[in-house]
Amino acid sequence: MNRADSNTGGPTQASLRVEANVGESFWRKGAKDTLPPPDMMGPYMRNRPVPGTQVPGRKAWIIGSGIAGLAAAFYLIRDGGMKGEDITILDSLRVAGGSLDGSGNAEDGYIVRGGREMNWNYDNFWDLFQDVPALELPAGYSVLDEYRWVNDNDPNWSKARLMHKQGQIRDFATLGLSKSHQWEIVKLLLKRKEDLDDITIEEYFSKSFLETNFWYLWRSMFAFENWQSLLEMKLYMHRFLDAIDGLADMSALVFPKYNQYDSFVVPLTRMLQERGVRVRFDTHAHDLDMREENGNRTVTAIRCKVADREEAIAVGTHDVVFALTGSMTEGTAYGDMDNVPVLARGNGEPGEDSDWALWQNLAKKSPVFGKPGKFCGDAARSMWESATLTCKPSPLIDRLKELAVNDPYSGKTVTGGIITFTDSNWVMSFTCNRQPHFPDQPDDVLVLWVYALLMDKDGNHIKKPMPACTGREILAELCHHLGIAGQIDAVAANTKVRLALMPYITAQFMPRAAGDRPHVVPQGCTNLALLGQFVETSNDIIFTMESSVRTARIGVYTLLGLPKQVADISPTQYDIRNILKGARALNNNEPFPGERLLHRVLGNSYYAHVLPPLPENNEETLRERAEAELSSLLGKGSQALVAASGWLARWSEGLRDKSK
């Protein structure tokens, strides 16, 4: 139960359990447990807390206008009861959205540095966007309503998820895992998080695992490198366990109608600005002044650089500060059809003028702020490059039509997500999402997106690493893998390419240990919350908009003392239905060991529907194969086998007997 504050009658920050952690202990209902189970989702968790006593004159300062910063402003207003005019967002850029970008035009070429694959179980994200007015639907509809309308009427799937041999579709009907590979995954799921500090993916998995369909599907979809964090991969396995059976054809995903900027940033910023929230661009916040007393740290000023001059923004006694730590897209170098991106950031420290400076300066003050050097100190291992293609009809579009699930000009799903070339030295992928990808895009223009993971290997066709290539050369490499290398001139004549080389784009996946990332509200901080992809949460993953919104929500509820809990990730990882169908998918869509025994036990029961259908269609074959499974487990001719077989027969007959 929450402890009451003697001054306000509400709970104190120290007494609140804002961030739920289902992994802490066994939960059971009792008189003192007024909150639902910590991972429960549903309408009962959608309540809006009564803000309690408002603090006159309180201001909120938010550093960073990415989705985390925008979400913080949203929750300060909706659940915290603050006025929009009391909230100011500071950003070093000149446009809101942070990494959620999307710009350009058909004449000069469009550009998006990345894309967003979404999941049904992004509960915090959908909680936010169920209250944000829709981009295009009439008044009264939300972004969530709009999103559902698009995806419910245009299901996502891919018919060419993996390709190789210059244009051939590789068989991706199964995940291609041997029994030993499956056991490696199962053991990883069983391992404790605390035992995986600083271990890499390639240190744990066998070399043959890293050549399976599963790994090509997984690493290209989530952008994992072999040398990155095994712990983060484990967390991803739990978060997306319910989607494993839709991993191969991407049917588990839902996508926005447009690019990430127009789909999410535009409607959210429009709503916040209508409520009075102010955004100050060209304002680079690089340090926070703090007062330390009795182990508590209180922010007193924000140190900024504005138009090459230093400025200190005073933070009042009751004000609250929300700060982004680190940046995935900091230091992006841009190129085009004929120009190679030139990085301004080296492979060492990002520099005092970077968006990493604030976190680096905080870390110098106390260990509670983590270790940013673990993430931004080795750019060569966190870097990859993307290319945005603005295309008019050409042999590339003709090839795309052969790989698409719908006509690319129809407005429906096209490739259904990325298509990965498994024999690409760069591990290159490309995608065409629903078109138009931008609201102002001409009818005869398509926007494609290309990216690759390995930056230090020569291409298969262009004998250079990708960062050393112009857009024209990257286009030629793509055409090679699509089997149309001989038509590159015709393709290039009708295609514009814009490049983005990002030195820290997977910095959040770098191997880490406990304490390397700060908590949303670090120990002792009275008015500071940290947001984004480089903070610690109980069990959630990073590199998602969901995790950014989660950190914002935890920060707002904690600093404002709101009596509401932010639930842990969706409990679907514990759902027996997801576990069973996940096991079937990992076993290459074949019944997993013991599955036929489950059918013998539950096949005639109320719970039979949770079991995946078996290939056998008659009771006699099922009985024989179930007994064969028992025999492999207990040994042929054993008394235990005879007893178990008899028990199964009696159990099955007992369920059929209507009189029992």
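The basis for the numbers below is simple: all heavy atoms, side chains too, and nothing from hydrogens, waters or symmetry mates. Here, residue 1 is the first one in the sequence, and each next residue gets the next number.
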Within a reach of under 6.0 Å around CZ of Arg148, are more than 12 heavy atoms found that belong to other residues, nucleotides or ligands?
no

Could you tell me which non-hydrogen atom of Tyr44 sits nearest to which non-hydrogen atom of Pro36, and how far apart they are?
CD2-CG, 3.5 Å

Evaluate the side-chain proximity of Leu530 to Leu362: yes if any heavy-atom separation is below 4.5 Å, no if none is.
yes

What is the distance from atom CD1 of Ile554 to atom CG of Leu531, rounded to the nearest 0.5 Å?
10.0 Å

Any donor and acceptor pair, going by atom type alone, linking the side chain of Tyr557 with main-chain N or O of Tyr75 inside 3.5 Å?
no

Counting only heavy atoms not in Arg46 (residues, nucleotides, ligands), do more than 12 fall under 6.0 Å from its CZ?
yes

Sorted by chain and residue number, the salt bridge (Lys or Arg N to Asp or Glu O under 4.0 Å) partners of Arg381 (sequence neighbours excluded) come out as Asp378

Is the closest side-chain heavy-atom distance between Arg219 and Asn226 below 4.5 Å?
yes

Quick one: list whatever passes ring-ring contact (aromatic ring centres under 6.0 Å, His included) with Phe222, sequence neighbours left out.
Trp218, Tyr236, Phe240

Value rounded to 0.5 Å, distance of CH2 in Trp61 from CD1 in Ile87
11.5 Å

Are Thr537 and Arg550 close enough, and set up right, to give a side chain to side chain donor-acceptor pair (under 3.5 Å), and what steps lead you there?
CA-CA 8 Å; Thr537 58; Arg550 176 183 292 278; 5.3 Å; no

Using atom types as modelled and distance alone, determine if a side-chain donor or acceptor of Thr506 lies under 3.5 Å from a backbone N or O of Ser382.
yes

Rounded to the nearest 0.5 Å, how far does CG of Asp197 lie from CG of Leu230?
11.0 Å

Ignoring hydrogens and geometry, is there a side-chain-to-backbone donor-acceptor pair from Trp449 to Val112 under 3.5 Å?
yes

Counting only heavy atoms not in Gln523 (residues, nucleotides, ligands), do more than 12 fall under 6.0 Å from its CD?
no

Under 3.5 Å, is there a donor-acceptor pair between the side chain of Arg58 and the main chain of His318?
yes

Run the numbers on Ile185 and Met237 for side chain to side chain contact (heavy atoms under 4.5 Å, CB included), then give the verdict.
CA-CA 9 Å; Ile185 291 177; Met237 291 289 297; 3.3 Å; yes

Salt-bridge contact Lys83-Asp86 (side-chain N to carboxylate O under 4.0 Å):
no

Taking every non-hydrogen atom, the tightest pair across Asp319 and Asn527
O-CB, 3.3 Å

Quick check: closest heavy atoms across Met510 and Lys374, and the distance to 0.1 Å?
CB-O, 3.6 Å

Does some side-chain heavy atom of Ile313 sit less than 4.5 Å from a side-chain heavy atom of Arg280?
yes

Got a donor-acceptor contact below 3.5 angstrom from the Asn124 side chain to the Val549 backbone?
no

NZ/NE/NH1/NH2 to OD/OE distance under 4.0 Å, Asp131 and Arg78
yes

Are any non-hydrogen side-chain atoms of Phe125 and Met118 less than 4.5 angstrom apart?
yes

Asp282 side, atom CG; Cys304 side, atom SG - distance, nearest 0.5 Å:
12.0 Å

Just by distance, do the side chain of Gln260 and the backbone of Asp101 share a donor-acceptor pair under 3.5 Å?
yes

Have Thr544 and Ser547 got a donor and an acceptor in their side chains that come within less than 3.5 Å?
yes

Counting N and O atoms only, with roles assigned by atom type, does the side chain of Tyr451 sit under 3.5 Å from a partner on the main chain of Ser220, one being a donor and the other an acceptor?
yes

In plain terms, say whether Arg553 and Asp123 are close enough for a salt bridge, that is, a side-chain N and a carboxylate O under 4.0 Å apart.
no

Any sub-3.5 Å donor-acceptor pair from Trp359's side-chain atoms to Phe369's backbone N or O?
yes

Would you mind checking if Arg239 and Glu546 are paired as a salt bridge, meaning a charged N to carboxylate O distance below 4.0 Å?
yes

Side chain to side chain contact (heavy atoms under 4.5 Å, CB included) between His286 and Glu310: does it pass, once the steps are laid out?
CA-CA 10 Å; His286 58 81; Glu310 285 292 329; 3.0 Å; yes

Using 4.0 Å as the upper bound for N to carboxylate O, is an ion pair formed by Lys305 and Glu352?
no

Stepwise, does the salt bridge (Lys or Arg N to Asp or Glu O under 4.0 Å) test hold for Asp287 with Lys365?
CA-CA 10 Å; Asp287 202 359; Lys365 303 179 193 296; 3.4 Å; yes

What is the distance from atom NE2 of His519 to atom OG1 of Thr551, rounded to the nearest 0.5 Å?
13.5 Å

Dump the intermediate steps for side chain to side chain contact (heavy atoms under 4.5 Å, CB included) on Asp242 and Trp120, then the final yes or no.
CA-CA 10 Å; Asp242 63 311; Trp120 295 340; 5.6 Å; no

Whether Arg278 and Glu85 form a salt bridge (side-chain N of Lys/Arg under 4.0 Å from carboxylate O of Asp/Glu) is what I want to check.
no

Gap separating the CZ atom of Arg94 from the OG atom of Ser65, nearest 0.5 angstrom
14.0 Å

Is any side-chain heavy atom of Ile62 closer than 4.5 Å to a side-chain heavy atom of Leu90?
no

Looking at Arg303 and Ala312, what are the two nearest heavy atoms and their distance?
NH1-CB, 3.7 Å

Looking at Tyr258, Phe129, Phe74, Trp126, which hits ring-ring contact (aromatic ring centres under 6.0 Å, His included) with Phe264?
Phe129

4.5 Å side-chain heavy-atom contact, Leu241 and His238:
no

Lys564 side-chain N/O to Met45 backbone N/O, donor-acceptor pair under 3.5 Å:
yes

May I ask you to check whether over 12 heavy atoms, not counting those of His284, lie within 6.0 Å of atom NE2?
yes

Looking at Leu528 and Ala323, what are the two nearest heavy atoms and their distance?
CD1-CB, 4.3 Å

Could you tell me whether the side chain of Asp79 reaches within less than 4.5 Å of the side chain of Val556, counting heavy atoms only?
no

Taking atom CZ of Phe281 as the centre, report whether more than 12 heavy atoms of other residues, nucleotides or ligands fall under 6.0 Å from it.
yes

Note, Asn121 side chain near Ile569 side chain (heavy atom, < 4.5 Å):
no

Side chain to side chain contact (heavy atoms under 4.5 Å, CB included) between Arg512 and Glu232, worked out
CA-CA 9 Å; Arg512 70 175 192 275; Glu232 199 58 44; 2.7 Å; yes

Could you check whether any side-chain N or O of Ser570 sits under 3.5 Å from a backbone N or O of Tyr122, counting only pairs where one atom can act as donor and the other as acceptor?
no

Looking only at heavy atoms, which two atoms of Leu268 and Leu70 are closest? And how far apart?
CD2-CB, 3.5 Å

